[in-house]
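One structure is given here, and the rest of the page talks about it.
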Protein chains: 2
Amino acid sequence: MCSDRNKDAKRPRRATAQTVADLAGVSRSAVSRAFTPGAYVDSEKRRRILKIAADTGYQPNALAAGLKAGQSNLVAVFVGNMRSPYDSAFVGELAQALSGLKKWPILIDRTGANTDQALRELLRYPLDALILRGGSMSEEIVDRCARFGIPMISSGRPVQGPRVDNVCCRNADGMTMITDLLISRGRRRFGFLSGPEEFYSSSRRRAGVLQALDRAGLDLVAEHPTDYSVDSGYGAARSLLSRASLDALVCANDATAIGALSAARDLSLNVPGDLAIVGFDDIAMAKWPTFRLTTVRNPIDAAVDAIIALLERRLVDPGRPEESIFLDPSVIERETH
Amino acid sequence: MCSDRNKDAKRPRRATAQTVADLAGVSRSAVSRAFTPGAYVDSEKRRRILKIAADTGYQPNALAAGLKAGQSNLVAVFVGNMRSPYDSAFVGELAQALSGLKKWPILIDRTGANTDQALRELLRYPLDALILRGGSMSEEIVDRCARFGIPMISSGRPVQGPRVDNVCCRNADGMTMITDLLISRGRRRFGFLSGPEEFYSSSRRRAGVLQALDRAGLDLVAEHPTDYSVDSGYGAARSLLSRASLDALVCANDATAIGALSAARDLSLNVPGDLAIVGFDDIAMAKWPTFRLTTVRNPIDAAVDAIIALLERRLVDPGRPEESIFLDPSVIERETH
DNA sequence: TTGTAAGCGTTATCAA
DNA sequence: TTGATAACGCTTACAA
């Protein structure tokens, strides 16, 4: 093929500090100072410069500024699965909070074909940090991230490593609380829908249920694994409910609880009359009119606040000791218990 | 393994091409060439350089490379609301597809406090493009984006402007198809739950319903606005169903259809016996066991494919004429019609 | 308060 | 095939 004829139709290069400086009759550094809060510039001159900048659409090039400063203001956000309501709400909140700090989230979805490769490519940018939604990720991949050398904040799975800070919900406590609630309401025959083995949250949540039952002198009557999806919750609940007589079904997350709720309905069980069903996370769907699910709130806002706080501290002092923040879940009583 | 020699030190600066060059006893340019596919380097030397790079953790600094090239490989993805299942699934798919192109999505959520400000700040990066999920955004904000001067791809709301390409689902056709289906099944008394006036999709979807009814010589019996949320769908449906006798309720999206489904149940209406309820989008929840919603598929995969294609073409030839790709929706028959 | 000049880490060009 | 060199656009000592 031949060379393109509209080569001159190239995208116009953006205005630079020099462009503005020439137009304003000042030096390039004056322009830079006009954009630097607290720098020494005659305030009248600054006004003139900013005016011309606005007219020409000039903005300091963040690539050049970042190169100079050794900081990109870019933050990788690595998340398990954007199709999970919890993860996507988490990402939305986080993106908002980061933009307040003028940090920009680059989104990486674990479900991508070769994420490892992609993550490595992304590291060509001198990222300020890597924020990991590790609750929905395997230990292996999380550990790999911790070795990249950039500051990391892991949410949902505690990770040991240099410059790795942690935010984590007290999963076990949450489950103990809600199981206690069910016990106090007279439930005695408990079933449990567990999460994927490789997720940290799964084992902690299971431990919480077992602890509450143990203290009450009760045994788990039946148990079934799930992959945390609605469908697998549905299947697991059907199988469990058809082979055991239960009066309470604790589910490792809301999605499986929602599946279980549907299964109970299909089996003509009365919820909460015959059977209590509870979940964990308090995703948006939990309060939908059809479900009104009693659940444990895994607070996204608190998690995001904690991440932001840890990030700010780490950026101020990169050598500071690693820190972990634990979040308290709370029971949300709706209509399925 | 993990050497932590400078625990008090500032974050170590990353290895540069010079570091690797010195170690390998070659010039900086040789290192650069080793990382440039198809550049002239002795293949043995390249191997040695890459080995040393791997050992030192060297990767070319994307900020410097981008500064040089006048291209950042960064793409802004501006989305209406990450709490909407459609938008978040869209973002997930898009992020995956972009990483295959080595383009990195920076996520901006419209619901942020001062998004306009944030977007402007983000433009300090020489972004390759701005991808806009405009279906869930007002015209005003979309037009503002079109004026930023960087290539833009709008999905879900056609936008006129230089270097603005469009991807859009044939909303009206989809609604016409599903309304035709209901008519062919004998439905005659139609209600409609409309979307927010300021969203482009709302009016198109409404037009599609009206066209099908018109051709069949039917009138819309009743109509109620929503904000596209489940709750507003629930409220709108309750209000509509209590004042009009309907045998079909067409909803402008799946969320409102799901709300309507719950309202119908609470009113002891038999779906689909007494009343058909259908939605639009085919979000993940539409196929959940409790809903099994008949709906119109608004194909995310096709939209993402189209966006990627448009992006590639625009990057190759920035001056090319603007292009629009229209996507065909399809009816998904489940159990509510 | 202002301007000059020296990098930041790359890559493209050019001469060897 | 290789190495020196000149940008890319910015910030910040340092000098004026």
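By convention in this document, chain letters (A, B, ...) are assigned in the order of the sequence lines, proteins followed by strands, and residues within each chain are numbered from 1.
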TODO: Provide, to the nearest angstrom, the distance between the CD1 atom belonging to B/Ile49 and the C1' atom belonging to C/dT11.
DONE: 14 Å
Task: Rounded distance (nearest 0.5 Å) linking atom CD1 of B/Ile307 with atom CD of B/Glu93 - done: 11.0 Å
Open item on the list: Reading DNA chain C from 5' onward, which residue's closest nucleotide shows up sooner: B/Thr16 or A/Ser43?
Closed with: A/Ser43
Open item on the list: Given the structure, check if the side chain of A/Arg33 and the base of D/dT12 hold any donor-acceptor pair shorter than 3.5 Å.
Closed with: no
Task: is_close_aromatic(B/Tyr58, B/Phe35), centroid dist under 6.0 Å - done: yes
- [ ] Mind listing the closest non-hydrogen atom pair of A/Arg120 and B/Gln59 along with its distance?
- [x] O-NE2, 2.6 Å
TODO: Rounded to the nearest angstrom, tell me the gap between atom CG in B/Asn61 and atom P in D/dG9.
DONE: 16 Å
Open item on the list: Between the base of C/dT10 and the side chain of B/Lys68, is there a donor and acceptor pair under 3.5 angstrom?
Closed with: no
TODO: Rounded to the nearest angstrom, tell me the gap between atom CD in A/Gln18 and atom C1' in C/dG3.
DONE: 12 Å
TODO: From the options D/dT1, D/dT11, D/dA4, select the nucleotide whose nearest atom is closest to the side chain of A/Ala65.
DONE: D/dT11
Task: Residues A/Thr16 and A/Thr19: side-chain donor-acceptor under 3.5 angstrom - done: yes
TODO: Assign B/Ser29 to base, sugar-phosphate, or nothing according to its heavy-atom contacts below 4.0 angstrom with the strands shown.
DONE: base
Open item on the list: Regarding B/Phe35, tell me which of base, sugar-phosphate or nothing describes its non-hydrogen contacts under 4.0 Å with the strands shown.
Closed with: nothing
TODO: Using atom CG of B/Leu63 as one end and atom C1' of D/dA7 as the other, report the distance to the nearest whole Å.
DONE: 17 Å
Task: Closest listed nucleotide, where the reference is the side chain of A/Ala30 and the choices are C/dG3, D/dG3, D/dT2 - done: C/dG3
TODO: Choose from C/dA5, D/dT1, D/dG3 the nucleotide whose nearest atom is closest to any side-chain atom of A/Arg28.
DONE: C/dA5
Task: Side-chain N or O of A/Tyr58 closer than 4.0 Å to phosphate OP1/OP2 of D/dC10 - done: yes
Task: Length of the CG-P vector between A/Asp42 and C/dG3, whole Å - done: 11 Å
Task: 5' precedence on DNA chain D between B/Gly25 and B/Leu67 (nearest-nucleotide basis) - done: B/Gly25
Open item on the list: Using the side-chain heavy atoms of B/Pro60, tell me which of these nucleotides is nearest: D/dT11, D/dT2, C/dT10.
Closed with: C/dT10
Open item on the list: Check for me whether A/Arg133 meets the cation-pi criterion with A/Phe90, that is, NZ or CZ under 6.0 Å from the six-membered ring centre and within 45 degrees of the ring axis.
Closed with: yes
Open item on the list: For a quick check of understanding: with a heavy-atom distance under 4.0 Å over all strands, which category does A/Val31 fall into, base, sugar-phosphate or nothing?
Closed with: nothing
Task: Selected nucleotide, minimal atom distance to B/Ser27 side chain, candidates C/dT10, C/dT2, D/dG3 - done: D/dG3
Open item on the list: Need one value for A/Glu44: base, sugar-phosphate or nothing, where a base atom within 4.0 Å counts as base even if backbone is also close, heavy atoms only.
Closed with: nothing
- [ ] Look at A/Lys45 and C/dT2 and indicate whether a side-chain polar atom (N or O) is within less than 4.0 Å of OP1 or OP2.
- [x] yes
- [ ] Would you kindly give the OH-to-P distance between B/Tyr125 and D/dG9, to the nearest whole Å?
- [x] 17 Å
